[in-house]
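Some notes on the structure that comes next.
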Amino acid sequence: MVLQKSSELVRINARRTDVFDIFNFKHYLGPNPYLDVGALVFDFALIDSREPLPIEDYIASIGDRYPNLRDQSYESYAHLFAQVVSETGKLDMDLHLNRWGVKLYPNLTRISIQSLHERTTREIVYFVWDWFEAITQDEDFAFDEQLVKLQDRFRASVYGGPTVYALLRTAYEKGIPAFYLWEEGLMQYGLGKKHVRGVATTFNCDSHLDSEFTTRKDDCKAFLKTLGFPVPEGSIVFSEKEALAAAREIGYPVAVKPVVGHKGIGVTADVQDSKELISAYNRSLAAIPENQQTRIIVEKSITGSDFRMLCVNGRFVAATERRPASVVGDGYLTLAELIRQENRKPARLDTPTSPMSKIQIDEAMELYLDEQRLSLDSVIEKGRTVYLRKVANLSAGGMSIDATPTVHDDNIILAQDIAQHFQLTCLGIDVITKSLAESWKSSNFAILEINAAPGVLMHLKPSVGESVDVPSHILETFFESGTDARIPIITFNKISVEELQATIDHILLQHPNWIIGAVCRDGVFVNRSKKVLSKDYNSNVQTLLRHPKLDLLIAEYPEDILEEQGIFYQHSNIVVLDNPTETEMILVRNVFDSSTVVIRKGNDISIRRKGLIEDYTLGEDEPFTRVYLKETGAILEVK
């Protein structure tokens, strides 16, 4: 085992009692000199003031939490530290971040950890550092408490929403480029003219008019009614007095909900009398955004179960039954204690990958318990199931049950007929009925509302039943494969402005209608037009790849930029290296199997095409540009 200890090391971040030090943090968005994915890179070393415990002691303690790490062998403390950070970085959420690397130097070790959100990954590193220190000092360590804080940190990040993360992970697995556009607050999938941008399941190709229309529940309901689809009878009211009058006219039980809203917030079903209606009205009122006028729907409450039917690109793909949060009594614990016990279950971690959220205690719950002559202090007899809400709100702890295989053909046709009237990639249709296995034509069936930005986790990770891979359905709407999401990319380790423009001209001669983006350390170009060069090099690359008409990208990545920022994108179709340094050779590993790599060392040329290698020597006065311009033929075939 390598000790990696040096008496010459100066303590940088280590505290007085630490035996390990971590320092020199750097975050890369994409491939870099240490990993071929986005990574947090930092230095790790032992300091001379204290002796560490035998590595076996750390392994034994860590193995209690991560048994899979106990039976492995480690070359050094740094290797153990790196693997523990990588394992912890999954945050008990089954995150896909599992890449790590270790590079030895004389006085330290450089560790690289696959990273998505820099702040979360950095806090994970410090968390593991504290854990190692607690083991060294034989002190208790509040692992679970601290892990919850890290989970919350990731959940609050731009990648932490269940739908965003599910799409991002699926894109990663399919080889579809994906990155966050910070200035726009959007995710981008694909590159150049192939890309789409969006928030969760809403995309730039969707009709914003149709999306906004679905939020106007009153108008949308009227539209569905004109098409002959079943909707409950109801009215829009503007005051509590009008709500009471509407309920009397319609007849109890009624449902009450704000005209503008989402996620079931402010919705109350099965309102039985005027007292309940006043409470329901106030909940809806509280859910209305401040910039919206008071408009509340009072409609007939239909008896049945709550279902979400999902269409992607006009086609039915999934259905889920949603049930209100519930607990089962044991004869000893109160309802409050049963809820706390239920919320501790792994399935209710309330993470981007967990099938259920934690059960929320609020006024609506307490009122519904009161209707059942119960309270949070009630002890429930053994085996009795107590439902905690009238509404099957998943964000408040409800349960999702896959119903996809059971849906009657008439109901599939109904969902698709509705979806065909909206220019939306994803459409969620909320209905209430006894069972989706029965045709809407012959059962008590009503469409409650439609949603232009439906979540996917209830289908991908239902509480009960089989998973439906909705993220794949969504991304396959735009890209049949990862290749379909890309435009050709040529990467150089060095190229002058003049050579860059000559390359652009060469390609435009054969494809005069193409839009070519190009960037080197001295300029940014779209075809021959020079653009503003940002000091942040990779922001120039991102801006070009966000161009909705870009056919091809040419980029220079010299050693200093590779060290400082790494590469923004994954994989090049052609890599051209002119007397490359060791660091610049990493560009060779960031290619496809079918890519072409051209390397010049002095006058010696090596060309690799689809695994075949050709070596020769440049002729006298033969320019290197002639060599690599001949190799662009494969790219010029791309449509």
Side-chain angles (χ1 to χ4, degrees), residues 29-31 177 179 181-184 188 190-197 485-580 584 587 590-591 595-598 600 623-639:
L29 293 174
F179 49 87
L181 301 168
W182 291 93
E183 292 77 14
E184 301 175 61
Q188 177 171 324
L191 305 176
K193 68 179 184 181
K194 303 288 189 71
H195 89 262
V196 294
R197 286 165 286 124
R486 303 180 58 86
I487 59 172
I489 295 176
I490 307 175
T491 304
F492 292 81
N493 70 320
K494 63 179 70 169
I495 187 169
S496 67
V497 169
E498 293 75 16
E499 292 167 335
L500 197 61
Q501 291 176 333
T503 304
I504 294 171
D505 290 344
H506 175 80
I507 297 171
L508 288 176
L509 279 174
Q510 299 180 59
H511 286 275
N513 295 322
W514 274 22
I515 303 295
I516 300 172
V519 57
C520 66
R521 63 167 72 251
D522 297 317
V524 178
F525 300 86
V526 174
N527 289 355
R528 280 292 228 152
S529 176
K530 191 169 186 177
K531 305 302 179 184
V532 177
L533 178 67
S534 169
K535 292 181 180 179
D536 181 350
Y537 191 81
N538 271 337
S539 70
N540 298 300
V541 179
Q542 175 179 302
T543 298
L544 290 172
L545 290 174
R546 188 229 177 273
H547 194 304
K549 297 182 179 180
L550 197 74
D551 291 284
L552 180 144
L553 174 72
I554 305 171
E556 178 190 26
Y557 271 104
E559 180 175 29
D560 59 327
I561 292 174
L562 291 172
E563 290 281 6
E564 182 62 29
Q565 297 193 28
I567 313 169
F568 183 79
Y569 49 82
Q570 293 271 355
H571 303 118
S572 303
N573 299 85
I574 294 182
V575 171
V576 181
L577 302 180
D578 187 357
N579 292 300
E584 290 167 348
L587 295 170
N590 189 41
V591 296
S595 297
T596 297
V597 177
V598 181
R600 173 189 181 183
F624 184 46
T625 54
R626 182 181 300 173
V627 177
Y628 61 74
L629 287 179
K630 287 192 301 183
E631 300 302 325
T632 60
I635 278 187
L636 298 180
E637 296 298 323
V638 178
K639 304 299 183 185

**Q.** Intermediate values then yes/no, side-chain contact (heavy atoms from CB on, under 4.5 Å), R600 and V576
**A.** CA-CA 8 Å; R600 173 189 181 183; V576 181; over 6 Å; no
Q: Determine, stepwise, if the pair V497 / C520 fulfils side-chain contact (heavy atoms from CB on, under 4.5 Å).
A: CA-CA 7 Å; V497 169; C520 66; 3.9 Å; yes
Q: Evaluate the criterion side-chain contact (heavy atoms from CB on, under 4.5 Å) for residue pair K494 and E499; output intermediate values, then yes/no.
A: CA-CA 10 Å; K494 63 179 70 169; E499 292 167 335; over 6 Å; no
Q.
The test is side-chain contact (heavy atoms from CB on, under 4.5 Å); show your working for T596 and N573 and say whether it passes.
A. CA-CA 6 Å; T596 297; N573 299 85; over 6 Å; no
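Within the model, atoms CZ of R626 and NE2 of H506 stand 12.0 Å from one another, a figure rounded to the nearest 0.5 Å. Rounded to the nearest 0.5 Å, atoms CG (D505) and CG (N527) are 9.0 Å apart. Rounding to the nearest 0.5 Å places CD1 of I495 at 4.5 Å from CG of L500. Residue I489 holds its CD1 atom at 10.0 Å from CD of Q570, rounded to the nearest 0.5 Å. To the nearest 0.5 angstrom, I507 atom CD1 is 7.0 Å from W514 atom CH2.
Put simply, the side chain of I490 does not reach to within 4.5 Å of the side chain of Y628, judged on heavy atoms. With a 4.5 Å cut-off on side-chain heavy atoms, L181 and Q542 count as touching. R486 is listed as a side-chain neighbour of H571, based on a closest heavy-atom distance under 4.5 Å. Looking at D578 and F492, their side chains never come closer than 4.5 Å, going by heavy atoms from C-beta outward. Side-chain contact between D551 and I487 is absent, with no heavy-atom pair separated by less than 4.5 Å. For the pair T625 and T503, the minimum side-chain heavy-atom distance is 4.5 Å or more. Looking only at side-chain heavy atoms (C-beta outward), N493 and L562 stay at 4.5 Å or farther from each other. The closest side-chain heavy-atom distance from L191 to F179 is below 4.5 Å.
In plain terms, the two heavy atoms of T543 and S539 that are nearest each other are OG1-O, 2.8 Å. Closest heavy-atom contact between T491 and S572: OG1-OG, 2.6 Å. Contact record, I574 with T632: CD1-CA, 3.8 Å, taken as the closest heavy-atom pair. In terms of heavy atoms, F525 sits closest to L544 at O-CD2, 4.0 Å. Shortest non-hydrogen contact noted between I516 and L550 is C-CD1, 3.7 Å. G190 and H195 get closest at one heavy-atom pair: O-CB, 3.3 Å.
No option in N538, V541, D560 other than N538 meets the side-chain contact (heavy atoms from CB on, under 4.5 Å) test with Q565. Looking at Q188, E184, E183 one by one, the single match for side-chain hydrogen bond (donor to acceptor under 3.5 Å, both in side chains) with R546 turns out to be E184.
Taking the six-membered ring where the residue is Trp, the centroids of Y557 and Y537 are separated by under 6.0 Å.
For N540 (side chain) and L533 (main-chain N/O), no donor-acceptor pair under 3.5 Å exists by modelled atom type. Side chain of E559 to backbone of E584: no donor-acceptor contact under 3.5 angstrom is found.
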